[in-house]
Structures are given as structure tokens and as C-alpha cells.
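Shown next, in C-alpha cells, is the structure this report addresses.
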Amino acid sequence: RLRVAVLVSHTGSNFRALHEASLRPGAGFEIGLVVSNNSGSQALAYAREQEIPHRHLSSHTHATAEELDAALVEELTARSVDLVVTAGYMKKLGPRTLASHGNRIINIHPALLPRHGGQGMFGSAVHEAVLASGDRVTGPSIHYVTAEYDAGEVIARHEVPVLPDDTAESLAARVLAAEHRLLPEVVARIAAESA
Ligand code: GAR
């Protein structure tokens, strides 16, 4: 089974969807590690409850970005992680992590990349931008992670309609529901391809 690490900052609903999918019979992957830069995240509470190995790694635990980067590589290596998934992880990955896990790091973004990606485009800011641009369609993208935000090759996208009376909140909820289906699907596909 493909061993997956999930990096998450806050709620972790995508992590949870992925974990639930990993428990279904025949799932080709398992969650081997959860890392959060936020010690109070719901994701870490859920990991504790579910007895999933988890770590808090942040500027509170490591003084410099270099040390943090090295600590993350150490954790990923110690747990024999095959695939890293950043799901609502509000931090850039460091050069060591990128070098050690190369094309084995994917991210989920709540818009149809290359639209509405890049620096500062997180969560509700993305949905506000979609509404402001008048796009009639949006939806999550999954892409390989590189040193630049939201710039790596796109692996999968799922279209979701933008409705005339949508708010950023209603749109976020519709896109998030699609994320919860798309992410397990893509991870299962990667697991099947690497089996
Ligand atoms: C998700 O909508 C994810 O696509 C988004 O943050 C949310 C995290 O929710 N990520 C970004 O905006 C990255 N640019 P979750 O913590 O409930 O999975």
C-alpha cells in the first residue's frame, strides 16, 4: 500500500476524507503521517483520536525555515512516506523536502488552475476572486508541488458550477464537497499506478 503523509494547517476536512477512503476495503493507500504547522488544528485532534502518527512542526518547534525543512524530511523518511499531500497547508515547502520527495508531492487547490492560483490565493480569497471575475465554472485542481505556489503540472480538475446567487461561502462549500471526492480518487489512482 502506498504510504501517504498529509500536511494540513487548520480544519483538515480533506485529510479526513482521504483517511476515510483509506479505510475502505481494497484502498491502495494508507495515511502514515499527518503534519501540521498549527498545534491547535482540528486535523491533529482527529489524528490523535484515530491514532494516526502525527507531528506538529512549525516556527514554534524549529527556529529557522532550514531546520523545519530538515525536520520534515526526517519525518517523511523515518515513516517511509511514498506520497506527500498538502491539503490546506498554508506554508511553502522548503528545498530539502522538494529535493527528497520531488514529483511525489501533490496539492489540492480550490479553483481550476491555472485560474486563481499563486501567492495569497488561499481559501475564501480564491472563491472571492472567482465571483469577482464572473467565471461560470470553478472547481478543485490537484497538481504537483514545485517551489512556486500552484505552478506545478495539473493532474486532475473537477468542474463545479458557479450559481448566480453564490457567495464565497456557498461556493466554497460546493467546491469542498468536490474536493472530498477528487482527492481520494487521485491518490487511489497514483497508488494503482505505483503498485
Ligand atoms: C481546501 O478548500 C483547499 O483546497 C484549500 O484550503 C481548504 C482546506 O480545507 N487550499 C488552498 O486554498 C491552497 N491554496 P480543509 O482543511 O478542510 O481540507
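Excluded from the calculations below are hydrogen atoms, water molecules and symmetry mates; all remaining heavy atoms, backbone and side chain alike, are included. Since the structure is predicted, the reported quantities are computational estimates derived from the model, not experimental observations. All ligand and atom numbering here is 1-based and tracks the order in the structure.
- Side-chain contact of Thr64 with His62: a donor-acceptor pair under 3.5 Å is absent, judged by distance alone.
- No side-chain N or O of Ser9 forms a donor-acceptor pair with one of Asn38 less than 3.5 Å apart.
- Any N or O atom pair closer than 3.5 Å counts here, and His109 shares at least one such pair with ligand 1.
- Residues Arg174 and His127 fail the side-chain proximity criterion, which asks for heavy atoms closer than 4.5 Å.
- Numbered from 1 in the order shown, with element, the atoms of ligand 1 that lie under 4.0 Å from a heavy atom of Gly88 read 6 (O), 8 (C).
- In this structure, of Ser41, Pro110, Ser9, the residue bringing a heavy atom nearest to atom 11 (C) of ligand 1 is Pro110.
- Taking any N or O of Gly12, backbone or side chain, at least one lies under 3.5 Å from an N or O belonging to ligand 1.
- For ligand 1, the polar-atom distance check finds an N/O of Glu179 within less than 3.5 Å of one of the ligand's N/O atoms.
- With respect to atom 14 (N) of ligand 1, the closest heavy atom belonging to the protein is Met121 O, 3.0 Å.
- At a heavy-atom distance under 4.0 Å, only side-chain atoms of Leu176, from C-beta outward, approach ligand 1.
- Under 3.5 Å, the side chains of Ser58 and Asn37 contain no donor-acceptor pair of N or O atoms.
- Between Ser36 and Leu7, the closest side-chain pair of non-hydrogen atoms is not below 4.5 Å.
- Tyr46 and His19 share a side-chain donor-acceptor pair at under 3.5 Å.
- Nearest non-hydrogen protein atom to atom 13 (C) of ligand 1 is Phe122 CD2, 3.4 Å.
- Atom 12 (O) of ligand 1 has its closest protein heavy atom at Gly123 N, 2.9 Å.
- When only interatomic distances are considered, the shortest N/O to N/O separation between Phe15 and ligand 1 does not fall below 3.5 Å.
- Donor-acceptor pairing under 3.5 Å is lacking for the side chains of Thr77 and Glu74.
- A salt bridge links Glu20 to Arg16: at least one charged side-chain nitrogen sits closer than 4.0 Å to a carboxylate oxygen.
- Given atom 15 (P) of ligand 1, the protein heavy atom at minimum distance is Ser13 N, 3.4 Å.
- At a 3.5 angstrom cut-off on N or O pairs, Asn107 does not count as close to ligand 1.
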